[in-house]
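Read through the structure below, which is laid out as structure tokens, and then see the notes.
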Amino acid sequence: MKILKRNFFERDTLLVARELLGNKLVRRYKGRRISGIVIETEAYLGTDDSASHPFKGKTRRNQVMFGPAGIAYVYFVYGMHYLFNVVTEETNNPCAVLLRAVMPLQGQHHMERLRGKRGKELTNGPAKLCQAMAIDVSLNGWDLTRGEKLWFENVKTVPENFICTGPRIGIDYAAKKDREAHRRFWVQKEFIAHMREDSPYEIY
DNA sequence: AGCACGATCTGA
DNA sequence: CAGATCGTGCTA
């Protein structure tokens, strides 16, 4: 098991967003282990990106994005939801990757309990991901390279031809160039099914 | 101190 | 497609 270290995140944000696909996100919560394979991400490119929080400068809320890579940036939106990002690039270059979806591996039962719902798709959407993995603002600023509470493990790389790209979700307010740029990445559906079946991952 | 608005989700 | 729901950041 290889925990993703700072040098993984301290790189070009679009590359990190792409390469996070296929890696495992692990949460240690109340003695339980909840995990899933990352299948959808979005890149937020800092002060030049009108969809990105630091576009209007540094504030108390977004200050973690200005810090070192490999740190969790968790914030509250819409009066009810948390969103989870990983900070990328070097200090004072405020970029991050938003985690939008995982394929559940371990702790699925627990994910369902946390969400209070059953029998539905659990991990579509960044807020549902946070609910499922018990991620809230208390993890804002947490160092994801420590291998405690919340971290990433290298599983394997998703082949280039199984990665889809498109515009990001929920940023209608952003400038046209940023709205339309392909900064969202996801694993092609067929390959997700393949991951499930082949399941070198499903070691419970 | 007040106000407008979200990197969303749900259910009608 | 509206409603839930509240922290954040801007204006005064």
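Numbers restart at 1 for each chain; the letters A, B, ... are given by sequence-line order, proteins then strands.
Between A:L129 atom CG and B:dT8 atom P there is a gap of 13 Å when expressed in whole angstrom units. A:Q63 places its CD atom 14 Å from the C1' atom of C:dG9, with the value rounded to the nearest Å. Taking atom CD1 on A:I169 and atom C1' on B:dG6, their separation rounds to 15 Å, with Å as the unit. Summarising the geometry, the separation between CZ on A:F185 and P on B:dA7 is reported as 19 Å, rounded to the nearest angstrom. Atom C1' of nucleotide B:dC9 and atom CZ of A:F84 are separated by 20 Å, given to the nearest angstrom. The separation between A:R184 atom CZ and B:dT8 atom C1' is 14 Å, rounded to whole Å. Rounded to whole Å, atom P of C:dT8 lies 16 Å from atom CE of A:M65. Rounded to whole Å, atom P of C:dT5 lies 18 Å from atom CG of A:D136.
Look at A:Y82 and you won't find any side-chain N or O under 4.0 angstrom from OP1 or OP2 of C:dG7. Phosphate contact (OP1/OP2 of B:dA7, side-chain N/O of A:R183, threshold under 4.0 Å): absent.
In this structure, B:dG2 forms a base pair with C:dC10, meeting either the Watson-Crick or the G-U wobble geometry with both donor-acceptor distances under 3.5 Å.
A:R168 comes within 4.0 angstrom of no nucleic acid atom, judged by non-hydrogen atoms across all strands.
For DNA chain B, the neighbouring residues in residues 40-54 of chain A, judged by any heavy atom under 4.0 Å, are A:Y44, A:A51, A:H53.
Residues A:M65 and A:S52 share a closest heavy-atom pair of CE-OG, 3.9 Å. Closest of all the heavy-atom pairs between A:I3 and A:L144 is CG2-O, 4.4 Å.
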Steps toward side-chain contact (heavy atoms from CB on, under 4.5 Å) verdict (A:I135, A:Y82): CA-CA 7 Å; A:I135 296 170; A:Y82 297 105; 5.7 Å; no
Verdict with reasoning, A:V87 to A:F66, per side-chain contact (heavy atoms from CB on, under 4.5 Å): CA-CA 8 Å; A:V87 177; A:F66 290 79; over 6 Å; no
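Nucleotides of DNA chain C nearest to A:H81 and A:V137 differ in position, and the one nearer the 5' end is that of A:H81.
Note that A:R168 lies in the cation-pi zone of A:Y44, set by a 6.0 Å cut-off to the ring centre and a 45° limit from the axis. At least one cation-pi condition fails for A:R11 and A:F9: the charged atom is not both under 6.0 angstrom from the six-membered ring centre and inside a 45 degree cone around its axis.
Listed candidates were B:dG6, B:dT8, C:dG9. Nearest to the side chain of A:R60 is C:dG9. Each of B:dT10, B:dA7, C:dT5 was ranked by its minimum atom distance to the side chain of A:L98; first place goes to B:dA7. Picking from C:dG7, B:dC9, B:dA7 the nucleotide with the shortest atom distance to the side chain of A:F76 gives C:dG7. Considering only the side chain of A:K128, B:dT10 comes nearest among C:dC10, B:dT10, B:dG6.
No donor-acceptor distance shorter than 3.5 angstrom exists from the side chain of A:R179 to the backbone of A:Y173, with no hydrogens or angles considered.
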